[in-house]
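All values reported here derive from a predicted model rather than from experimental measurement. In this chain, residues are counted from 1 in sequence order.
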Amino acid sequence: MISRSPSSSGLLPLPGSPGSSWAMYKARFKALLNGADTSVLAAFWIFGLINNLSYVIILSAALDLVGPDIPKAVVLLADVMPSFATKLIAPYFIHKVPYSIRVLVMTGLSTGGMFLIALTPSSIPIKLFGVAISSVSSGAGELSFLGLTHYYGHFSLAAWGSGTGGAGLVGAGLYVFLTNTLGLTVKKSLLTCAFLPFIMLISFFLILPLGPLRRASSMKEYTSVNSSDNLTSIRDGFDDEEIAELPRDSASQSLLAPGPSTVSEAYASHSPRRSLSPAPSSHKKQSKLIQNLKRARLLFFPYMLPLLLVYIAEYTINQGVSPTLLFPLESSPFNEFRSFYPFYNLLYQLGVFVARSSSPFVRLHNLYLPSFLQMGNLALLITQSLYWWIPSVYIVFAIVFWEGLLGGAVYVNTFAEIMENVPEEEREFSLGATSVSDSGGICIAGFIGMGLEVALCNRQVQNGRSWCKTL
């Protein structure tokens with residue numbers, strides 16, 4: 001009887017076998033990262049971290065910014081809606097602005113916004129204006145840096161995703177560290193954070209290798225041959241009957257030649273052809289805006305919609321449901337009810353960080369499945385808030401961590417799918433345009449959460465659980 005190894009039989013290696021040794025896993029890991037430029041990884045991780053950091057810090061300081069009498073969703077909307085508007089509009093013209101100028105402008109806006117928030121003593125409208133300025137910077141940064149990954153490959157996208165996930169942990173922890181551990185005032189804490197955007201300048205101009213970006217820019221400056229005029233001149237030498245008599249293999253074989261032949265171009269000029277983007281010859285007089293709008297429409301169902309759904313679900317949980325997921329203190333690890341919500345947020349951010357850092361190792365191609373699972377999480381936790389049927393808070397902890405995993409996975413895999421499936425000439429625009437979905441989902445969730453939290457809390461009070469009123 002011939003024995004077969006686990007690998008040859010299609011089975012996974014048994015624990016402790018040579019096929020599952022640490023050396024083999026280490027070799028696989030090293031092969032996976034083969035070709036990754038550490039400077040690119042570091043630069044894009046910093047981009048993701050710093051670009052999202054002000055957003056997280058502002059939300060962490062929401063109570064200190066507007067006081068207890070104003071809904072915290074007001075800060076959320078001020079922190080998201082300008083970013084949403086920026087992502088909705090900017091992809092159609094921002095390509096005309098060099099990346100170096102974008103980074104300088106984003107740094108100035110983010111720093112200026114934080115200074116306005118910190119130095120305005122009591123004017124809530126001015127503070128919210130400062131929040132809005134920082135939000136514009138964050139939105140422009142996300143679509144710009146996602147577009148920039150087009151020039152640096154998949155590892156840059158993975159590093160960006162990991163950095164954005166890390167921003168949730170670092171931002172929330174940094175504000176708590178400055179205000180609670182070091183005992184700084186809110187003003188001094190925000191002034192300290194106002195200098196963080198300058199790290200983006202260091203990352204772009206000193207850490208990131210600018211060679212790929214410069215080569216791409218120089219290639220765009222070349223004057224291209226007008227292919228439509230060329231085809232017209234070729235077409236004038238043939239009539240329709242002569243073109244119809246050309247055998248298809250003549251055209252296909254000519255494609256193997258170093259350059260396009262007369263036969264292939266003549267045949268192509270009389271053949272209908274489908275393209276994901278508007279063909280230059282048929283839409284020559286159309287504006288660039290119309291062409292990009294048509295491209296965006298093609299992105300909606302495969303990429304934008306699942307990202308929109310997952311963000312609506314998870315931010316409705318975070319803003320509208322999590323504040324009401326309370327348990328008796330004696331059955332929890334906390335001493336006061338106010339501690340539940342920050343810990344839920346920490347678990348969520350941890351899940352997001354893990355998932356957004358996983359794309360080099362685990363890839364999801366079905367984006368709708370985790371989006372629907374996230375909607376299931378929303379329904380599950382709403383029923384828990386209403387009927388209090390889950391017996392232990394630790395089960396809710398696991399669900400919230402799972403929520404973060406799903407949200408982070410959809411985010412990073414959406415852009416990974418675009419990198420793999422969208423034609424190269426459309427990739428930069430597609431990466432930036434799709435980023436509107438996350439901000440749009442957060443805006444919708446903000447409006448839903450404003451009413452949902454109040455309704456759930458009132459229902460709990462009616463059922464004899466008034467814990468949500470003690471926060």
Side-chain angles (χ1 to χ4, degrees), residues 43-59 76 78-95 97 99 101-110 113 131-152 156-168 170-171 196-197 199-201 203-204 208 296 299 303-304 307-308 310-311 314-315 349 352-353 355-357 359 407-408 410-419 427-443:
F44 276 91
W45 197 89
I46 292 172
F47 290 152
L49 176 72
I50 301 300
N51 188 69
N52 283 29
L53 206 54
S54 62
Y55 165 80
V56 176
I57 291 172
I58 288 170
L59 289 185
L76 173 67
D79 205 10
V80 173
M81 291 189 69
S83 175
F84 171 66
T86 302
K87 295 177 185 179
L88 193 63
I89 299 170
Y92 305 101
F93 65 84
I94 201 171
H95 59 278
V97 182
Y99 279 97
I101 302 299
R102 297 190 214 179
V103 174
L104 288 170
V105 172
M106 290 182 300
T107 301
L109 287 175
S110 184
V131 172
I133 292 177
S134 296
S135 177
V136 171
S137 172
S138 179
E142 183 170 7
L143 67 90
S144 294
F145 291 128
L146 280 170
L148 192 61
T149 62
H150 162 65
Y151 301 102
Y152 292 90
S156 64
L157 178 62
W160 161 267
S162 177
T164 59
V170 174
L196 293 175
I199 299 177
M200 279 198 300
L201 296 179
S203 182
F204 184 83
L208 181 69
L299 296 170
Y303 308 115
M304 289 183 172
L307 188 60
L308 177 71
V310 80
Y311 265 83
E314 69 187 69
Y315 270 83
Q349 297 290 357
V352 168
F353 173 69
R356 290 193 181 187
S357 304
S359 63
V410 173
Y411 179 89
V412 73
N413 283 281
T414 294
F415 297 109
E417 286 291 293
I418 291 174
M419 291 282 282
R427 201 173 294 157
E428 183 180 8
F429 167 81
S430 300
L431 289 165
T434 303
S435 68
V436 73
S437 294
D438 57 3
S439 295
I442 296 172
C443 286

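To the nearest 0.5 Å, atom CH2 of residue Trp160 and atom CG of residue Leu148 are 10.0 Å apart. Here the straight-line distance linking atom CD1 of Ile50 with atom CG of Leu201 works out to 11.0 Å at 0.5 Å rounding. Between atom CZ of residue Arg356 and atom CG of residue Leu157 there is a gap of 10.5 Å, rounded to the nearest 0.5 Å. Separation of atoms CD (Glu428) and CG (Leu143) is listed at 10.0 Å; rounding is to 0.5 Å. Separating the OG atom in Ser435 from the CG atom in Leu307 is a distance of 9.0 Å, to the nearest 0.5 Å. In this structure, the separation between CE on Met304 and OG1 on Thr414 is 11.0 Å, given to the nearest 0.5 Å.
With hydrogens and angles disregarded, a donor-acceptor distance shorter than 3.5 Å links the side chain of Ser135 to the backbone of Ser83. Checked by atom type and distance alone, the side chain of Thr86 pairs as donor or acceptor with a backbone atom of Pro82 at under 3.5 Å. In this structure, the side chain of Ser138 does not engage the main chain of Ser134 through any donor-acceptor pair within 3.5 Å. The backbone N or O of Ala140 lies less than 3.5 Å from a partner atom in the side chain of Ser144, making a donor-acceptor pair. Using modelled atom types, no side-chain atom of Ser439 and backbone atom of Val436 make a donor-acceptor pair closer than 3.5 Å.
Nearest heavy-atom pair, Gly407 versus Glu314, reported as atom, atom and distance to 0.1 Å: CA-OE1, 3.0 Å. Contact record, Asp438 with Glu142: OD2-OE2, 2.7 Å, taken as the closest heavy-atom pair. For the residue pair Asn52 and Ala167, the shortest heavy atom distance occurs at CB-CB, 3.6 Å. Here the shortest heavy-atom pairing between Leu76 and Leu59 reads CA-CD2, 3.8 Å. Looking at every heavy atom in both residues, Ser137 comes nearest to Leu109 through CB-CB, 3.8 Å. Of all the heavy atoms in Gly141 and Asn51, the pair that sits closest is CA-OD1, 3.3 Å.
In this structure, the side chains of Phe145 and Met106 come closer than 4.5 Å at one or more pairs of heavy atoms. Between Tyr55 and Ile442 there is a side-chain heavy-atom pair separated by less than 4.5 Å. In this structure, Arg427 and Thr149 have side chains that are not in contact, with every pair of non-hydrogen atoms separated by 4.5 Å or more.
For Ser162 and Ser357, the side-chain atoms include at least one donor-acceptor pair closer than 3.5 Å.
Between Phe47 and Phe44, the ring planes are perpendicular. Angles over 60° get that label, and only those under 30° would be called parallel. Ring-plane geometry between Tyr151 and Tyr99 is classed as perpendicular, the angle between the planes exceeding 60 degrees on a 0 to 90 degree scale with a lower cut at 30.
Taking the six-membered ring for Trp and the full ring otherwise, the centers of Tyr92 and Phe429 sit less than 6.0 Å from each other.
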